[in-house]
Each structure stands twice: as structure tokens, then as C-alpha cells.
Amino acid sequence: MKNYLNSLFNKASTSLDYLKEINFTFDVPKQESHGDLSVNAAMLLTKKLRKNPRQIAEEIISNLQIDDAIISKVEIAGPGFINFFFTPSFVARIIKVVIAEDKYFGKSKKYEGKKANVEFVSANPTGPLTVGHGRNAVVGDTIANMLEWVGYEVDREYYFNNAGRQMRVLGDSVRLRYLQTLGREIEFPGDYYQGEYIKEIADGLKVEYGEKLVDEPAEGIFKQRAESVIFDDIKQSLGRLKIKHKIFFNENSLYEEGKIEELLKLFQEKNLSYEKDGAVWMKFLELGSEQDKVIVKSSGEPTYRLPDIAYHREKLNRGYDLLIDLLGSDHISTYPDVLAGVKALGYDSEKIKVLIHQFVTIVDQGEIVKMSTRKANFITLDQLVDEAGADVVRYFFNMRNITTHMNFDLSLAKKQSDENPVFYLQYAHARICSILKMIEKEDLNVSTENLNLLTSDEELQLLRKIHLFKDEILYSTENFETHRICFYLEDLAASFHKFYTFCRILGTDRPLAEARVALASATKIILRNGLSILGVSAPERM
RNA sequence: GCCCCGGUAGCUCAGUAGGAUAGAGCGUCGGUUUCCUAAACCGUAGGUCGGAGGUUCGAAUCCUCUCCGGGGUACCA
């Protein structure tokens, strides 16, 4: 529909120059009585032309070469909107396209040939993934899916560090638990990792090695074992949510390959760093930050900024057109320095899109659960998937704008009831599958021969929603907003359920019945495609 | 102190580069099943869009100030 109007306005702009000067938009009116699409062009021109917007609207309309077979009515309304009403037969044509394109319907080629990298999760292997990581994981994977739908080739990447202080403490936590299982009287420090999983790892070592490890250092087998066990666990948790990273990037490799040294030298050459108080400082002040910051401590150890910049430099060097970093709001302070750093090196920092998601508050039985990995006071992602199921978990995290501090009501998520919108969508899909099974028995077909018979309000409303799918994906993707897909699909499902209630198939003349089956079939395709972007399954029956 | 995010119906949240009478789900109350899945549908009630100014044809949306909640502001990541 939008395409058609765009071409109409393009033609009109050859005689009306002022149309070229404004950025008008075609919008779907909130109210159906305002037509299928409306344009605000006339209002935008009031100042420039010093005319009443309604007069301008008249002039615009008289310059549009409208095909009556496509548009049934054009009206001027309100302060000067031009509303367009499309003919039912044009609206219904979309069904043919949907059925023909099937699992590709909704994809666009706008970004074909472009490469994107989505870095997400990136939790260090110090413990199981928590609910907070869950939001990051689900949204990151969904954004990657969306980018693929608009044409990008996408690499999913996980960045981790197995060499820092955190990991030393982790190794020592395992060592102490190991010694405790051997009966040693040892006090376990309060700031060590308290979780049960540490004891399990220690138990595993005891079973395997007995007492042979009593004199081993924390950084040896204890740390290694902890890392490998925990990482396997993390990957498995992600796998349950159908998330698989292509690249696992170890921060340590930046040191091993001399990238850190190289970067330090580069900063020095470009006069972007200096020494003070035994530390190396970066001139962030010159680069637009509030103050200079330390990049190498007086101990000789780099701060996180240096490897972070080196890492982003690596990714940029791989030739991506778009780099996405998905971070929790507790990491919000890291990215301005990274962007400033790579920009100072001459890279196009515009390619890096940093997305910050706000915290997840867990509410269980009306009580807020405070989370801390160290204190082991957390709900793991695994527990969540155990209790609510992967589909519900994915849907819940996707259905909220990442800027909101979302409440995750654990007791509600466990409930498999109609309070849960994911079932509403899945039910619509299952219903359609059931119809398609039924028509076989009734000797009916999916036919697009008589689509012009689809003229009822319910049919047209559903058809109009179908028209919006492709644009919705594109818009959601360009804004990195997964929740819009959820809202769209809920809207679509609602239109379908209404159609289902009012437009029967059995007992209807064959041509109309078959056209309705085709409409249901097209709806099924969109529900399935939309759910697949979210990573949620589309069951055949419920 | 300064920076970022949020404050919209009882609850959880939408609100598309400013647009028409501010919406949805759940919950409330009341209806619909001899008929393709009632995990559905229809109706009902519910609002000083945190507050105060400003910008203009028009503000939940933009600007200023302010209140409340969360996060950040390290030679921790």
C-alpha cells in the first residue's frame, strides 16, 4: 500500500515542486475510520505556502493520478490529513504474495550484502547465567535474527575474559571448597564465590583425583576446571534457548597476539597517552570525555579500557558494516571511552551501535529478589527455563522495550495460563493448523481464485494487518526493538481470532470458503515467520 | 555534584522523526459454545500521561526547572 502511494506522490511531485522539499510520512491511522493510510504533507506545508492546509490538500489530491481499482476513496480530514482508502480487492491481493513467498515473506533485501556482528551475553565464566543475562541473551539473539531478515549476514559473538582477578578468586574458591571436602578446617572468605556449583566442581575434583591436589595452586587445575565446567554450563543454558554463538573471543588472545602492546604503541605514537604517577593515562579529555583515564595501572596491568578498545579494533578490522554491543546498564560507562578510542585511531565509530538494556527485577510471590553472582543469591536462567519453558522465557524478554526496567514476575511466568500472551499467539497458529487439517476432510482447497469475495470488516482488518508485516520488521530492526514484533503479532492474532469467530468456513459457499482458507493460511505463515524471528516455536496443536 | 534509563488505567506495559477522541494485555463486572480448538469472542468500568513553566496550528512525545525510583561516575569489569 505504501509503495503505491509513494509512486503516486513521486509522479505528483513533478508538477508540485514543494512536495520534494518536505519529509512527509504515510502513517497507519489509529482509527480505522480514518482510512488505511494517511499523509500529513499538507500540514507540513502550511508555513511555507502560507495557505490553509485543507486547501493545500485539495491541490495535492488533484495532482494524484489515482487508480480507482486500487483506491476507493480519498478524503481530507481533521486539521489537514489526507486519508486513503484502498479497495478490498487490492487489499486481498496480498494473500497471493504471502503464500508464494511463504517462509520468506517479510524478508527484505534492504541490507543485502552487508555484514553485521552482534556481541551479546559476554559473561565471564564465573558462574551460571542468571535472569539478568537471560534478557541480554534473548534480545541479542533476536536482534541478530531481525538483522538477518532485512538482509544482513550476521555473526553472533561472545567476548570473555578468563585471566582477570575474578577468575583467580574463582579458582581459589574451588580450591578452598576442595580442601573442605577433604575435611580440612578452612574458613571460606565472605567475598569468595558462595554458590553451590563451586562445591559441585570441588566434589568432582575429589572424585577424580582424591587427595592428590592438596598442594596445587588455585590458578592451575582448580581455575581451569572451574572455567571449563562453567562454560559448558553456560553454553548449555544458551542452547536451551536456541542461542548459539559463532565466535567465542577470549580477551587473553589480545595479549598473546601482542594486540595490547601494539595498541599502546599506537596511542603513544599518536600522542594520545602519557605517563603520570607510574601509570599510563589516555587523553580522553581531548577526545571529548570528562577526564583522562588510566589505561595501564602502576602495577603494569591494563585496565579494562585498553583491551576493550583493542577488541573493538579487531572487530572493525574484520570488515563488518555494523557492530552491535548489547550491554547491561551497569556497563554503561565503558562504551564512550571505547568509541572515543577507536575513533581516535581513525576508525568509523558510527559503525558501532551500543545498546543498553536496563535491569530485570525479579519478583517472586510479590517479593523482590536481589541478585548477586558472588553471593549466589540469584535465580539462574536454567531455573527459569525449567519452570516457564524456553518459549515463555524468550517471549517475556522480547516483549519489553530494553529501555524499561522490566519486572519479571516469576510466579506468573511459571503459570501456563491465558495471562500469558505467548500462548495467545501459539493458539492462533494451532487453530489455523487445525483448520487446514479440517479442510482436507471437507474436500476444500487453499484457493486464491476468489479473493475479491473477502469484503467483511473482519476479513479486511486481518488483511490490513498482513500488509504491515514487512514494514514492521524493517522498522523494528532499524530501531533494534524486539518488542514491536511482539505487539504486532498480538495484534495480528487478535484480528485472526475475531475473523475466526465471525467468518465461518463450513457452511459457506465454496468460493468464499476457499478464499477464507487462503486468508487463514496466509495468517499462519506470518505468525510462524514472526515467531521464528523471536525464536519462539509455532506449535501445530495445543 | 555530574551522566544514562524509567515514572502513562488497579497491575504489567505500548504509544512509530510532534498529529485526529491517549491504547493493549491481565485483573473487575456482565454476556457468548446443538456450529472448523472457549488457551477464544463480545460488552462494561477504570487516566490531573510524576509536577510546573515554555515552544506552535497541535505536546505523553521537543526545551527549561523540579520530585521519585534504578544504574553509572575507580590505578574493579
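Note on naming: letters A, B, ... go to the chains in the order of the sequence lines (proteins, then strands), and numbering restarts at 1 for each one.
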Check the distance between [N]'s [atom2] and [X]'s [atom1] and give it to me in whole angstrom.
X       : N      : atom1 : atom2 : answer
I356(A) : C3(B)  : CD1   : C1'   : 12 Å
M167(A) : C76(B) : CE    : C1'   : 16 Å
N401(A) : U16(B) : CG    : P     : 11 Å

How would you label the contact of [X] with the nucleic acid (heavy atoms, under 4.0 Å): base, sugar-phosphate, or nothing?
X       : result
P79(A)  : base
S298(A) : base
N83(A)  : base

Salt-bridged, E458(A) to K498(A), with N to O below 4.0 Å?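 Judged by the 4.0 Å cut-off on N to carboxylate O distance, E458(A) and K498(A) do not form a salt bridge.
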May I ask you to decide whether K343(A) forms a salt bridge with E350(A), counting only side-chain N to carboxylate O separations under 4.0 Å?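 Answer for the salt bridge query: no.
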Please state the [atom1] separation for the pair [N] and [M] - nearest whole angstrom.
N      : M      : atom1 : answer
A45(B) : U61(B) : C1'   : 28 Å
U21(B) : A59(B) : P     : 11 Å
U48(B) : U44(B) : C1'   : 24 Å
U55(B) : U64(B) : P     : 15 Å

Counting N and O atoms only, with roles assigned by atom type, does the side chain of E75(A) sit under 3.5 Å from a partner on the main chain of K73(A), one being a donor and the other an acceptor?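 The answer is no, because no donor-acceptor pair under 3.5 Å joins these two groups.
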For the backbone of Y193(A) and the side chain of S173(A), can you confirm whether one donor and one acceptor N or O come within less than 3.5 Å of each other?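 Flag set: sc S173(A) to bb Y193(A) pair under 3.5 Å.
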In the structure shown, which nucleotide is the Watson-Crick or G-U wobble counterpart of [N], with both distances under 3.5 Å?
N      : result
G1(B)  : U73(B)
C26(B) : G10(B)
C57(B) : G19(B)
C35(B) : none

Worked check of ring-ring contact (aromatic ring centres under 6.0 Å, His included) between Y304(A) and Y311(A): CA-CA 11 Å; Y304(A) 64 89; Y311(A) 172 52; over 10 Å; no
If you restrict it to nitrogen or oxygen atoms, what contacts under 3.5 Å exist between nucleotides 5-10 of chain B and the protein, and what is each distance?
{"from": "C5(B)", "atom 1": "O4'", "to": "Q358(A)", "atom 2": "NE2", "distance (Å)": "3.4"}
{"from": "C5(B)", "atom 1": "O2'", "to": "T403(A)", "atom 2": "O", "distance (Å)": "2.5"}
{"from": "C5(B)", "atom 1": "O2", "to": "H405(A)", "atom 2": "NE2", "distance (Å)": "3.1"}

Syn or anti for U32(B), with syn set at within 90° of 0?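 Anti for U32(B); the angle lies over 90° from 0.
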Is F81(A) stacked against the base of G19(B), taking the criterion as centroid distance under 5.5 angstrom and interplanar angle under 30°?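 It does not: the two rings, one from F81(A) and one from G19(B), miss the stacking criterion.
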Check whether the aromatic ring of H34(A) stacks on the base of A20(B), taking stacking as ring centres less than 5.5 Å apart and planes within 30° of each other.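 Yes.
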On RNA chain B, check which nucleotide each of S329(A) and S299(A) is closest to and give me the residue with the more 5' one.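 The answer here is S329(A).
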For N420(A) and E251(A), find the nucleotide of RNA chain B closest to each by heavy atoms; which residue's nucleotide sits nearer the 5' end?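 This one resolves to N420(A).
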What about N40(A), does its side chain sit under 3.5 Å from the base of A17(B) through a donor-acceptor pair?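 Side chain to base: no pair below 3.5 Å.
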On the side chain of S38(A), is there an atom forming a donor-acceptor pair with the base of A20(B) - under 3.5 Å, no angle test?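 Flag set: donor-acceptor pair detected.
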Interface with RNA chain B, restricted to [range] and to heavy atoms under 4.0 Å:
range                       : answer
residues 507-518 of chain A : none
residues 467-487 of chain A : Y475(A), H483(A), R484(A), F487(A)
residues 305-315 of chain A : none

Would you say I247(A) and Y159(A) make side-chain contact, with heavy atoms under 4.5 Å?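 No, every pair of side-chain atoms sits at 4.5 Å or beyond.
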Cation-pi check for Y500(A) against R431(A): NZ or CZ below 6.0 Å from the six-membered ring centre and within 45 degrees of the axis, yes or no?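 So R431(A) does make the cation-pi contact.
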Going 5' to 3' through nucleotides 27-37 of chain B and flagging B where a protein heavy-atom sits under 4.0 Å of the base, S where only the sugar-phosphate is that close, and - otherwise, we get --------SBB
Partners meeting side-chain contact (heavy atoms from CB on, under 4.5 Å) with S289(A) (sequence neighbours left out):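 S289(A): side-chain contact (heavy atoms from CB on, under 4.5 Å) contacts with F284(A), D337(A).
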Does the ring-ring contact (aromatic ring centres under 6.0 Å, His included) test come out yes or no for H467(A) and F86(A), once each step is laid out? CA-CA 12 Å; H467(A) 273 271; F86(A) 285 76; 7.6 Å; no
